[in-house]
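Quick notes on the structure that follows.
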Amino acid sequence: MTAALIGKSVSRVDGRLKVTGAATYAAEFEVPNLAHAAVVRSIVANGRIASIDTAEAERAPGVIAVVTHSNALRLAYQPHKGLPDAAVGERLHVLQDDRVTHQGQPIALVVAETLEQAVYAAEVVRVTYRHEAASTDMESVDPVLPTGKPAEWEIRRGEPDSAFEQAEFRVDQTYVIPRENHNPIEMFATIASWQGDSLTLWDKTQWVHNVAEEIAAVFGIAAENVRVISPFVGGAFGSALRCWPHVTLAALGARVAGRPVKLVLSRREMYYGVGYRPHTVQRAALGASRDGQLQAIRHEGHQETSTYEEFTEALLSATRFLHSCPNVHTRHRIAPMNVHTPTYMRAPGEASGMYALESAMDELAVALNMDPVELRLRNEPDRDEFKDLPFSSRSTRECYRAAAERFGWAQRNAAPRSMRDGRSLIGWGMASATYPMNYAPASAMARLLPDGTAEVMSAASDMGPGTWTSMTQVAADTLGLPIERVKFTLGDTRLPRAPIHGGSMTMASVGSAVQAACRKARDDALARAGANEIEEAMKRLGQVIEATADVAPGDETKRFSMHAFGAVFVEVAVDPDLGETRVRRMVGAYGAGRVVNPKIARSQCIGGMIGGIGMALMEHSVVDPRNGRVTNANLAEYAVPVHADAPPVMDVIFVDEHDPHVNPLGVKGLGEIALVGVAPAIANAIFHATGKRVRELPITPDKLL
Ligand code: MOS
């Protein structure tokens, strides 16, 4: 037997391919006879297309086709429900009529021999509009409860209003998060190639089967006739969970041109062509007794959405169970506007909602003159008070203790502006983190070959967290083979189905399926060969042994509340003259069940923590309220953290946690929890440094001067 691989810090199996440029991303596949597409986008936020003159574009060099609503194929747009519950309504129909509902909406498509020719021709398409008044400013829109399942949008337990009024200590504040855009390194790209009624798509996606089914529904063809290939994804953070309109445009272009077509979104187009984290306004009111016992929590929030879809996320979920409180009211509303539909962005909902909740907890600790860790410990619940279920496991206490100890929290002088380093004001802040354990049905196949190697596969994605590697580990560990003998394959609809590569569920779901398939294949091979060791068995059998396994959650969600928990501690230095904040140290501790690969898990966590620096201090898609235009739709003006912004000290602690209830592998998922809590921890540290409470992200220097 080989040594156990689960729990080992194995380096990325695809690392070499990536650093040598050998990994093939969606735009990089070599497809013969390829034509290139460019999109013409609306420059108004609401109205109708009055005229569209394509004559000059059609005459331009290299142009194969110009498609507008007046000559486009009528597409079937059959219903297809992709992401669970994220957006209710009807998706954007491209080039089907003259209606414009938002800035950047696709209104024409040019297909040409080269990319340059397509871009040039797109620029000479002449469009006039009949403008209508557009609402692009959330302050001017009355928020409404989302339609459908109203019980989910407003939840009350106890008597939150009277309990708040009677509480001796109260905090009641409004917290604002601006729109943020995902900025993965890899731009969205699709290559579409028709063979009769069958379509092959090379696409950047977090869910190949969803793309196949969505495009099949849009074109009114069978999903089996659409193959989606997506082996590598250069970051996505949730932006590739949905199948966006450009995939339809690529397929439409290929159909019209009668040739394979490649469509790559520019960085600017990524601010209009895919979703974003919505602008969110929250009011959080906490009431507590003198000893710090929470008496009331009232938390409401509203978020921007489009006129054609209601996007919602888990904004207020954590508020209902994170801290113990008998009287709780949450209300989640949306503000439909002339914008394109927002979407999930890393820790969607939790990262936003916890910014308000954990900032308010810090304000309450200040009001009580109590240590913020102590305040949380005093409100640690014994069970999920919202679902009225026990937690399958909950390691918050261990996380607070471990992170506080590593950080040196005991040395903190609680008074604001009390700690300095030269000219800099030093602040220490902390916040809690939580993210649900998500486990969805998944399938995998294992093939054992006579040469003693194995091929294991599932149609999962790997947008960077290390799925290739962790799945290879789980497979090799289960089969009892050295890791070099196992080849894992993902990212193709021809492979057994996997759920969305999001919601931090891949390790739990696909990992459990891989483990089950490998167990089946191993047991089968050993039994048939009468051997007790796989290499020996395969040699003896001299034939391929194949096994497929499907896994799915049972009734454990009815018996347990299942979440990962954590705590993050931050040190900032604020320049009192320039208002500039530098994050100097971060310590995150997480109780996330079993950790399959500590090296990659740490990498995930520091990625999330650095993402949190962006959320706290930098990221802001600035929307011009006159027309919905994003004025900084580029990486020069939309600031994201770079290496120089990452603190020299980043500690990640995984507290020991064995949870037999969550899923066969015992993992809770790590992708998203590390972003949760970072923005409030930084905001709290800035308050501690400066005495100034900033309640609107990002905390840029102007807000501190
Ligand atoms: Mo994540 S926002 O579920 O990709």
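Here, residue 1 is the first one in the sequence, and each next residue gets the next number. Note that the structure is predicted; figures quoted are calculated from it, not measured. Remember, it's 1-based here, ligands and their atoms both numbered in the order they're listed.
Residue Thr341 is tested with Glu310, Glu309, His102 for a side chain to side chain contact (heavy atoms under 4.5 Å, CB included); the sole match is Glu309. Partner of Tyr271 under the side chain to side chain donor-acceptor pair (under 3.5 Å) criterion, out of Asn183, Asn181, Thr631: Asn183 alone. For the pairing with His299, the side chain to side chain contact (heavy atoms under 4.5 Å, CB included) check across Arg283, Arg320, Gln282 returns one residue only, Gln282.
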Check each N or O atom of ligand 1 against all protein N or O atoms and list the pairs under 3.5 Å, with atom names and distances to 0.1 Å, one per line.
unit_1: ligand 1; atom_1: 3 (O); unit_2: Gly503; atom_2: N; d: 2.5
unit_1: ligand 1; atom_1: 3 (O); unit_2: Glu672; atom_2: OE2; d: 3.1
unit_1: ligand 1; atom_1: 4 (O); unit_2: Gln206; atom_2: NE2; d: 2.8
unit_1: ligand 1; atom_1: 4 (O); unit_2: Gly238; atom_2: N; d: 3.1

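Using a 4.5 Å heavy-atom cutoff, the side chains of Thr434 and Phe321 are in contact. Counting only heavy atoms from C-beta outward, the side chains of Glu304 and His279 approach each other to under 4.5 Å.
Residues Lys599 and Ser11 come closest through the heavy atom pair NZ-OG, 2.6 Å.
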